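These notes concern the structure reproduced below.
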Amino acid sequence: MNAVELNEELSGFGALLLASAVKSIYPTVKLGGGSVGEFGYYFDFEFSVPVKTEDLSKIEDEMKRLGKRAEVSVMEKTKSEAVKLFDKSGEPFLVELAGTRKGKIGIVKLGNTSVVADFAICEKSPSVVKLTQITGAYWKGDAKNKMLTRIYGVAFKSKDELAKYHEWQEDIKRRDHNKIGRELEYFTTDPMIGQGLPLILPKGARIIKTLQRWVEDEEEKRGYMQVYTPDLTKSDLFKASGHWTHYKDGMFVIGDERLDDEVFALKPMNCPFHIAIYKSQIRSYRDLPIRISETGKQYRNENSGEMHGLTRVRQYTLSDAHIFCRPDQVQQIFDECLQLTDFLVRSLGIQDRIWYRFSKWDPNNREKYIDNKEAWEKSEAVIREVLVRNKMKFVEAADEAAFYGPKIDIQAKNVYGKEDTLFTVQLDFALAEKFGLSYIDENGQKITPFLVHRASLGAYERTFAFLLEHFAGALPVWLSPTQAVVMGITNKQDDYVDEIFKNLRGKLRIEKDIRAEKVGYKIREHSKKKIPYLIVVGEKEREEGKISVRTREGSDLGTMNIEEFFGLGQFNAPTE
RNA sequence: GCUUCCGUGGCGCAGCAGGUAGCGCACGUCAUUGGUAAUGACGAGGUCACGGGUUCGAAUCCCGUCGGAAGCUCCA
């Protein structure tokens with residue numbers, strides 16, 4: 001089921017009703033701001049008394065009451081004109097809503113107060129309003145500021161639409177990787193082990209391993225050299241890279257800086273290790289580009305509220321690589337990195353779910369970024385050219401770069417509509433110099449190479465989570481931990497089931513089911529586990545030396561021989 | 001980390017004006033050998049997240065801790 005289209009003008013009205021109703025019930029409340037979007041609408045308030053979930057129904061009732069009485073006018077006026085209008089005639093309160101403006105403003109008169117919205121609203125009050133949740137949100141989106149109370153809601157023309165909305169919410173839960181990943185026995189967690197430290201169960205491990213082998217093989221074809229580096233290092237390494245000052249709080253540090261001679265840390269990233277590998281030899285311009293890749297673990301001490309399923313964890317495995325190249329090779333390297341990612345994305349069939357983000361620095365945020373305006377401008381120009389030349393659609397985002405350089409992020413949304421970075425290609429003009437890297441050019445001069453950081457398939461845990469949600473658990477055949485189950489109509493076929501099982505074992509991931517249950521029941525059980533092919537055999541099949549095949553979706557593919565079965569789908573990882 | 005909500009057997013839930021736990025699925029045993037999405041009978045499984053308090057008595061009320069969810073903030 002697709003996302004329910006939430007009408008922005010209805011939502012705008014809903015937000016106004018919400019603000020008005022809250023003002024009516026809590027006269028001392030201070031209004032923050034609001035917004036409408038895919039989630040419906042929200043409004044922020046500063047209450048003088050704590051307001052909780054149980055108060056929502058009261059506010060909802062007031063919204064319904066006000067909705068019936070509201071006099072609405074949609075005016076072709078600017079915000080300041082509207083405020084002037086009300087300056088004469090009473091006490092309006094101005095509501096500013098972020099979102100799409102349609103050149104109009106909405107004014108809702110509610111008794112002796114009025115709400116002016118710098119936002120398009122519909123002319124008729126929504127007949128159904130529903131408040132969906134109440135949470136906190138920082139004033140102006142800054143954690144240093146006071147936390148306001150944010151109330152979310154939806155508004156509809158009819159109860160049918162509300163019912164559809166509820167259905168959609170249910171569907172979201174059915175796709176949520178954090179739910180189905182546990183149901184399908186792909187992963188679990190244990191409070192004794194800790195937050196953000198999932199246990200990947202055998203079936204989940206098979207999926208991740210399949211992805212990993214696929215990516216590693218593909219990278220090897222493309223000139224990457226795989227390495228292993230330690231999970232642990234002396235703090236000196238991250239002091240040299242600059243990470244210690246930027247991110248010490250987010251690292252797992254072993255030892256106490258004040259007491260111990262040597263302090264260690266679990267690696268929060270692989271770059272300094274790959275840099276050390278580069279540095280272990282003298283490099284010639286002929287050697288470049290050098291592509292060092294690693295299926296590397298990373299450890300980051302995320303704050304407790306920031307962990308989520310497999311998407312945001314404290315330990316994860318990155319399809320990581322660092323490419324050291326000459327200045328004249330940077331664009332070519334970016335091209336090939338994007339081509340690899342594009343191949344992976346298309347092979348997985350998720351090209352319509354991702355978009356490219358050009359993540360730039362913010363010259364005003366001096367704490368976060370390396371202070372070298374010229375280098376930033378130059379490297380951003382390089383990336384822009386790559387994007388433009390490849391005719392790629394992308395969004396630009398200021399203040400989203402890494403501290404050492406700009407990047408191209410491949411973004412996606414989870415089932416709840418929350419955006420995450422799936423893959424990334426980053427240009428680094430700083431670390432190579434910090435570590436004193438060089439190569440010898442054709443004139444015998446020492447030159448500092450450029451460094452490109454990239455994660456071809458991102459973090460396996462996160463990509464796995466995304467795929468589970470995208471396919472609602474029904475992964476492509478080649479990724480399925482069990483690709484087929486063979487079962488008999490009765491136990492009289494146990495020997496034939498075993499024969500088919502042994503015949504197929506090693507050629508695909510197959511299981512057999514000889515439980516003394518009705519075959520319909522067994523089919524249902526395995527379909528629920530999202531196993532792509534269900535092979536059923538009885539006396540008829542045995543006599544003909546064939547098999548009957550059904551899919552997890554319920555279609556009957558009929559009777560066929562083994563060769564025909566292999567023609568049904570792609571059992572192995574895609575290649576170019 | 002902050003805000004709100006939540007925590008009863010593997011999963012989904014009921015029980016909560018306080019009187020030491022129930023249902024469905026799953027699981028086990030037996031019977032059934034059935035031609036395509038739930039065969040039947042019987043059975044096992046829980047100190048109601050943990051710790052403390054109130055009480056003659058707490059799953060139920062109060063406090064704290066841990067864990068989960070969504071939102072905010074953050075993500076090298």
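The structure displayed is predicted, hence computed values, not measured ones.
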Please output the side-chain donor-acceptor pairs of residues 138-146 of chain A that fall under 3.5 Å, not counting sequence neighbours, one pair per line with the distance.
| residue | atom | partner | partner atom | Å |
| --- | --- | --- | --- | --- |
| D142(A) | OD1 | K144(A) | N | 2.9 |
| N145(A) | ND2 | W139(A) | O | 2.7 |
| K146(A) | NZ | E46(A) | OE2 | 2.9 |

Taken to the nearest whole Å, CD/E183(A) to P/G68(B) is 18 Å
If the C1' atom of C74(B) is compared with that of G1(B), how far apart are they to the nearest Å? 9 Å
With rounding to whole Å, what would you report as the distance between G53(B) and G57(B) at their P atoms? 11 Å
Pair assignment for A58(B), Watson-Crick or G-U wobble, requiring both distances under 3.5 Å: none
What distance, rounded to whole Å, do you find between the two C1' atoms, one in U60(B) and one in A49(B)? 16 Å
Think T149(A) has a side-chain N or O under 4.0 angstrom from the OP1 or OP2 of U3(B)? no
Positions of residues 546-561 of chain A (non-hydrogen atom under 4.0 Å from RNA chain B), listed by number: S548(A), R550(A), R552(A), E553(A), G554(A)
Separation of atom CD in Q493(A) from atom C1' in U36(B), rounded to whole Å: 13 Å
Please check if any side-chain donor atom of Q195(A) sits under 3.5 Å from a side-chain acceptor atom of S304(A), or the reverse. no
I'd like to know if the side chain of E541(A) pairs up with that of S548(A) as donor and acceptor (distance under 3.5 Å, no hydrogens or angles considered). yes
To the nearest angstrom, how far is M192(A) atom CE from C50(B) atom C1'? 12 Å
E396(A) meets the side-chain contact (heavy atoms from CB on, under 4.5 Å) criterion, sequence neighbours left out, with F358(A), K360(A), R384(A), F394(A)
With RNA chain B as reference, determine whether G196(A) or I523(A) sits nearer its 5' end, using the nearest nucleotide of each. I523(A)
Applying a 4.0 Å non-hydrogen cut-off, can you work out what S304(A) is touching in the nucleic acid: base, sugar-phosphate, or nothing? base
Whole-Å distance, K492(A) NZ to G34(B) C1', equals 9 Å
Is the ring pair W376(A)/W361(A) parallel, tilted or perpendicular, if the boundaries are 30 and 60 degrees? parallel
Hey, does G520(A) reach any base, or is it just sugar-phosphate, or nothing, if we go heavy atoms under 4.0 Å? sugar-phosphate
Could you give the distance separating G10(B) and C66(B) at their P atoms, to the nearest angstrom? 23 Å
Apply the test ring pair (Phe, Tyr, Trp, His ring centres under 6.0 Å) to residues Y404(A) and F429(A): give CA-CA distance (whole Å), side-chain angles for both, the deciding distance (0.1 Å), then the verdict. CA-CA 6 Å; Y404(A) 45 68; F429(A) 55 78; 8.5 Å; no
Expressed as a whole number of angstroms, how long is the span from I193(A):CD1 to G68(B):P? 12 Å
Are there any protein N/O atoms within less than 3.5 Å of an N/O atom in nucleotides 40-44 of chain B, and if so, which ones and at what distance?
none

Tell me, with the steps shown, if K413(A) and E38(A) meet salt bridge (charged side-chain N to carboxylate O under 4.0 Å, His left out). CA-CA 12 Å; K413(A) 279 184 187 170; E38(A) 293 168 355; 3.0 Å; yes
Side chains of H453(A) and L431(A): does their closest heavy-atom pair fall under 4.5 Å? yes
Sort out the partner of G18(B) for me: Watson-Crick or G-U wobble, both distances under 3.5 Å, none otherwise. none
Taking salt bridge (charged side-chain N to carboxylate O under 4.0 Å, His left out) as the test, write out the residues that go with K279(A), two or more places apart. none
When both hydrogen-bonding distances must be under 3.5 Å and the geometry is Watson-Crick or G-U wobble, what is G64(B) paired with, if anything? C50(B)
Name the pairing partner of C23(B), where a pair is Watson-Crick or G-U wobble with both distances under 3.5 Å, or state none. G12(B)
Any chance you could list the contact pattern along nucleotides 25-31 of chain B? Use B for base contacts, S for sugar-phosphate-only contacts and - for none, protein heavy atoms under 4.0 Å, 5' to 3'. -S-----
May I have the distance from I531(A) (atom CD1) to A37(B) (atom P), rounded to whole angstrom? 17 Å
How would you list, by chain and number, every residue that makes a ring pair (Phe, Tyr, Trp, His ring centres under 6.0 Å) with F45(A), sequence neighbours excluded? F43(A), F47(A)
Could you tell me which nucleotide pairs with C72(B) by Watson-Crick or G-U wobble geometry, both distances under 3.5 Å, or answer none if nothing does? G1(B)
D495(A): side-chain contact (heavy atoms from CB on, under 4.5 Å) partners, not counting sequence neighbours: R542(A)
For G28(B), give its Watson-Crick or G-U wobble partner with both distances under 3.5 Å, or none. C42(B)
Using the ring pair (Phe, Tyr, Trp, His ring centres under 6.0 Å) rule, take Y369(A) and F403(A) through it: C-alpha gap first, then chi angles, then the decisive distance, then the call. CA-CA 4 Å; Y369(A) 302 104; F403(A) 76 83; 8.7 Å; no
Separation of the P atoms in U8(B) and C13(B), to the nearest angstrom: 9 Å
Between H274(A) and F324(A), does the ring pair (Phe, Tyr, Trp, His ring centres under 6.0 Å) criterion hold? Intermediate values first, please. CA-CA 10 Å; H274(A) 293 179; F324(A) 303 85; 8.1 Å; no
To the nearest Å, give me how far apart CG (L310(A)) and P (G68(B)) are. 13 Å
Determine the interatomic distance between P on C23(B) and the same-named atom on G9(B); round to the nearest Å. 15 Å
Return the nucleotide paired to G34(B): Watson-Crick means purine N1 to pyrimidine N3 with N6-O4 or O6-N4, wobble means G-U with N1-O2 and O6-N3, both under 3.5 Å. none
Would you classify K522(A) as touching base, sugar-phosphate or nothing, given that sugar-phosphate means primed atoms plus P, OP1 and OP2, and contacts are heavy atoms under 4.0 Å? nothing
Solution key, residues 48-60 of chain A side-chain donor-acceptor pairs under 3.5 Å, sequence neighbours excluded:
| residue | atom | partner | partner atom | Å |
| --- | --- | --- | --- | --- |
| S48(A) | OG | T28(A) | OG1 | 2.8 |
| D55(A) | OD2 | K52(A) | N | 2.7 |
| E60(A) | OE2 | L131(A) | N | 2.8 |

When rounded to whole Å, the CD1 to C1' distance for the pair I514(A) and U33(B) reads 14 Å
For A484(A), the side-chain contact (heavy atoms from CB on, under 4.5 Å) test, sequence neighbours excluded, returns L508(A), I510(A), Y533(A), I535(A), F565(A)
Say you pick atom P in A59(B) and the same atom in C16(B); how far apart are they, in whole Å? 14 Å
Using the test side-chain contact (heavy atoms from CB on, under 4.5 Å), find all partners of R524(A) that sit at least two apart in sequence or belong to another chain. K528(A)
For Q195(A), answer base if it contacts any base atom (sugar-phosphate contacts may also be present), sugar-phosphate if it contacts only those atoms, and nothing otherwise; contact means non-hydrogen atoms under 4.0 Å. sugar-phosphate
How does each nucleotide of nucleotides 70-76 of chain B score, in 5' to 3' order, for protein heavy atoms under 4.0 Å: base (B), sugar-phosphate only (S), or none (-)? SBBBBBB
Over all heavy atoms of both residues, which pair between R314(A) and N303(A) is shortest? Give the atoms and the distance, please. NH2-C, 4.3 Å
Taking only the P atom of each, what is the distance from C11(B) to C50(B) in whole angstrom? 15 Å
